[in-house]
Amino acid sequence: MAHFPVNHPARPIYRVLSGIIGLYILVFGVWGVAQTAGESLFGRGSHWALGLRTNLAFSIASVIFGAFLLVGASRRSNLGHYMNLTAGIVFLVTSILMMSLLQTEGNFLNFSMSTVIVSMIFGLILLGTGLYDKIGTPEHAEQERQRRNHPVSEAHR
C-alpha cells in the first residue's frame, strides 16, 4: 500500500504549481482553438500556440484539461490530489504515445518534439504535485509520520 505524505507543509506551493500549469494549458487551448477554428479536427497544419504545435482536436482537449486542472487546484480536498495524479499519468502516457507517432500519419494531435517535451515535463510535475498534496486529519498525518519514521518496529509488532 502506498503511503503518501499527509498534510505536507509545501502543499499550498504544489497546488499553486498545478494551478499555473492548468492555466497555461487552458490559455494554450483557447489560443489554439482561436487559431484553428474552421480547420479540420485532426488537421496536420502548421498552427502554433504559445510555442507548441497544435490542431483543433488538441486545442479542445487542452481547454478541457486546463479547466480540469484549475478545478483540482482550487479544491481544498483530496479531489485535487487524485486529479493531479490522474493528469500526470495521462500527460506522461500521451507524450510517450505521441512521440512514437511523431513522424507518421498517426500523429493525430499534430505534436512536435517540443510539444512532447513540454507534455512530459508537465506530466512529471503534476505527478509530483499529486504525490504531496494529500490532506487529512492531524491524527491521520501523525499516524503516517510514525509509520514512515519507524517502519521496522511497526512490521514486527
Trainee: Does a side-chain heavy-atom distance below 4.5 Å link Leu69 with Met83?
Mentor: no
Trainee: Which atom pair, heavy atoms only, marks the closest approach of Leu17 to Ile125?
Mentor: CD2-CG2, 3.6 Å
Trainee: Establish whether Trp48 and Trp31 are linked, either directly or via other cluster members, by ILVMFWY side-chain heavy-atom contacts under 4.5 Å.
Mentor: no
Trainee: Where do Arg15 and Asp133 land on the salt bridge (Lys or Arg N to Asp or Glu O under 4.0 Å) test, with the steps shown first?
Mentor: CA-CA 7 Å; Arg15 294 259 169 126; Asp133 68 350; 3.5 Å; yes
Trainee: Go through the steps for Met99 and Met113 under the test side chain to side chain contact (heavy atoms under 4.5 Å, CB included), then give the verdict.
Mentor: CA-CA 7 Å; Met99 185 172 57; Met113 195 60 199; 3.6 Å; yes
Trainee: Working to the nearest 0.5 angstrom, can you tell me the gap between Thr129 OG1 and Ile21 CD1?
Mentor: 6.5 Å
Trainee: Is any side-chain heavy atom of Asn107 closer than 4.5 Å to one of Arg44?
Mentor: yes
Trainee: Identify the heavy atoms of Ser62 and Gly29 that sit nearest to each other, and give their distance.
Mentor: CB-CA, 3.8 Å
Trainee: When clusters are formed by joining ILVMFWY residues with side-chain heavy atoms under 4.5 Å apart, either directly or through shared neighbours, do Val63 and Ile20 land in the same one?
Mentor: no
Trainee: Pick from Leu109, Thr115, Asn110, Val93: which one makes a side chain to side chain contact (heavy atoms under 4.5 Å, CB included) with Met98?
Mentor: Leu109
Trainee: Minimum heavy-atom separation for Thr36 and Gly32, please, with both atom names.
Mentor: OG1-O, 2.7 Å
Trainee: Run the side chain to side chain contact (heavy atoms under 4.5 Å, CB included) test on Phe91 and Ile25 for me, step by step, so that the C-alpha distance in whole Å, both residues' side-chain angles and the decisive distance to 0.1 Å come before the verdict.
Mentor: CA-CA 12 Å; Phe91 270 86; Ile25 293 169; 3.3 Å; yes
Trainee: Is there side-chain contact between His47 and Arg53, with at least one heavy-atom pair below 4.5 Å?
Mentor: no
Trainee: Could you walk me through whether Val118 and Ile121 pass the side chain to side chain contact (heavy atoms under 4.5 Å, CB included) check?
Mentor: CA-CA 5 Å; Val118 168; Ile121 290 170; 5.7 Å; no
Trainee: Using 30° and 60° as the class limits, which term best fits the ring planes of Tyr132 and Tyr14: parallel, tilted or perpendicular?
Mentor: tilted
Trainee: State plainly whether one hydrophobic cluster holds both Val90 and Leu101, where clusters connect Ile, Leu, Val, Met, Phe, Trp and Tyr through side-chain heavy atoms under 4.5 angstrom apart.
Mentor: yes
Trainee: May I ask you to check whether Ser59 and Thr54 show a side-chain donor-acceptor distance below 3.5 Å?
Mentor: yes
Trainee: Is it true that Leu52 and Leu50 fall in one hydrophobic cluster, defined by side-chain heavy atoms closer than 4.5 Å?
Mentor: yes
Trainee: Starting from the C-alpha separation in whole Å, work towards a yes-or-no answer on side chain to side chain contact (heavy atoms under 4.5 Å, CB included) for Ser119 and Phe111.
Mentor: CA-CA 10 Å; Ser119 294; Phe111 267 43; 3.7 Å; yes
Trainee: Is the distance between the ring centroids of Phe58 and Phe65 less than 6.0 Å?
Mentor: no
Trainee: How far does CG of Asn84 sit from NZ of Lys134, to the nearest 0.5 angstrom?
Mentor: 14.0 Å
Trainee: Group every Ile, Leu, Val, Met, Phe, Trp and Tyr by side-chain heavy-atom contacts under 4.5 Å, then state whether Phe68 and Val16 land in the same group.
Mentor: no
Trainee: Compare every heavy atom of Leu126 with every heavy atom of Ala87, then report the nearest pair and how far apart it is.
Mentor: CB-CD1, 4.1 Å
Trainee: How close do Phe42 and Ala57 get, heavy atom to heavy atom, and via which atoms?
Mentor: CE2-CB, 3.4 Å
Trainee: Within the structure provided, determine whether Leu41 and Asn55 are in side-chain contact (heavy-atom separation under 4.5 Å).
Mentor: no
Trainee: For a quick test of reading the model, state the closest non-hydrogen atom pair linking Leu92 to Met120 and the distance between them.
Mentor: CD2-O, 3.6 Å
Trainee: If you count heavy atoms of other groups shown closer than 6.0 angstrom to CG of Leu102, is the number above 12?
Mentor: yes
